[in-house]
Amino acid sequence: MKVSLTRRYRFAASHRLHTPRLSESENQRVYGKCSNPYGHGHNYFVEVTVSGPVDPATGMIANLGQLDPFVETHILDAFDQKYLNEQVPEFAPEKSLVPTTENLCRVIFQRLRTFPLAHVDRVRIEETSNNSFEMEDSAAAPA
Amino acid sequence: MIRITRRVEFSAAHFYHNPNFSAEENLRVFGKCNNPHGHGHNYTLEVTIAGEPDPTTGMVLDLKELKEILQAEVIDRMDHRHLNYEVPELAGQIPTCENVAAAIWKLLLPRITTGKLDRVRLYESPDLFADCTAESSHHNGGRA
């Protein structure tokens, strides 16, 4: 039996899907209204899953008293009420990384990997209630 | 293979306290969950069974049977109970979401004889849940 713990967080941010690698008409064709020049926003939900042994002394895989502030500092403070394209360094214009939710999964997963107290297994993001994106740790040993 | 999931809810009280810790350490580690008077949650349990549908009935496992198993093993034991004092399967453990989910997994495993117990997901609140899966499950990072 394997046990994991998932915590759900939320933040609101704006973004614009647009890449300088494509022409304006190509951007319009690929991204449609998501490419409107002034951007738009979402209420994102982020699910963070940690796994590992349950500490018999605490009954916990990870203490939420430590996971919550870590996510607060590394994710929520950095993304909440921000324009992803210009205020999150990973999406800075010179990086040419389009802030799709696929790429947002990667960025958030990379930031959370540094959590020292448990193994972050999975990140799942709901961009709206109708779509979600998730990423698992591909380096995890096969079960 | 098909997976079927049944959801049930129960309400219970708990608090977190390790008798081997000092009062200060209990408070430091468990925070407000250490309140000795306890507090409660509406738990939502999702139990997933995996298997092939029986060619005659078209069912992996009769959901009515699963409902009865969940009633007997989980609801009758835990609903409107104090998890620290009234559930022997949790004796000596901190009744965290992880430990309660694992206790439910152990209770259900011998009772599921048709199909295979695939996952136990226990929500303590809409923002927090624990999953138990078999070590060989696809849920372990998508690898069987």
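Letters A, B, ... are given to chains in the order of the sequence lines, protein chains preceding strands, and every chain is numbered from 1. Since the structure is predicted, the reported quantities are computational estimates derived from the model, not experimental observations.
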message = Tell me if the CD1 atom of B/Ile2 is crowded by more than 12 foreign heavy atoms within 6.0 Å.
response = no
inquiry  = Looking at A/Arg106, I want to see if its CZ is surrounded by more than 12 non-hydrogen atoms of other residues, nucleotides or ligands under 6.0 Å.
reply    = no
key: Cluster overlap A/Met135 with A/Val48, hydrophobic side-chain contacts below 4.5 Å   = yes
remark   = Interface check, chain A: of B/Val29, B/Asn20, B/Leu122, most non-hydrogen pairs under 4.5 Å belong to B/Val29
query = What part of B/Ala101 gets closer than 4.5 Å to chain A, counting heavy atoms only: side chain, backbone, both or neither?
reply = neither
ask   = A/Val3 and B/Cys132: which non-hydrogen atoms are nearest, and at how many Å?
value = CG2-SG, 3.9 Å
message = Test of understanding: clusters of I, L, V, M, F, W, Y form through side-chain heavy atoms closer than 4.5 Å, transitively. Do B/Leu107 and B/Val120 belong to the same one?
response = yes
message = Is B/Glu98 close to chain A through its backbone or its side chain, or both, or neither, when contacts mean heavy atoms under 4.5 Å?
response = both
query = In terms of heavy-atom proximity below 4.5 Å to chain A, should B/Pro95 be classed as side chain, backbone, both, or neither?
reply = neither
key: Hphob cluster co-occupancy, B/Ile94 + B/Phe15, side-chain heavy atoms under 4.5 angstrom   = no
query = Under 4.5 Å between any side-chain heavy atoms of B/Asp131 and A/Leu5, yes or no?
reply = no
ask   = Should B/Phe10 and B/Leu63 be counted in the same cluster of Ile, Leu, Val, Met, Phe, Trp and Tyr side chains packed under 4.5 Å apart?
value = yes
Positions in residues 7-39 of chain A that reach chain B, provided some heavy atom is under 4.5 Å away = A/Arg7, A/Arg8, A/Arg10
note = Of all heavy-atom pairs linking B/Glu135 and A/Met1, the shortest is OE2-O, 3.0 Å
task = Using non-hydrogen atoms and a 4.5 Å limit, figure out which bit of B/Tyr123 sits close to chain A: side chain, backbone, both or neither.
result = neither
task = Give, for atom CG of A/Asp55 and atom CG of B/Asn99, the distance between the pair rounded to the nearest 0.5 Å.
result = 10.0 Å
query = Same cluster for B/Phe129 and B/Leu70 if Ile/Leu/Val/Met/Phe/Trp/Tyr side chains link at under 4.5 Å?
reply = no
message = Less than 4.5 Å to any heavy atom of chain A: does that hold for the side chain of B/Tyr16, its backbone, both, or neither?
response = side chain
ask   = Do any of residues 57-76 of chain A have a heavy atom less than 4.5 Å from a heavy atom of chain B, and if so, which, in residue order?
value = A/Ala57, A/Thr58, A/Gly59, A/Met60, A/Ile61, A/Ala62, A/Asn63, A/Leu64
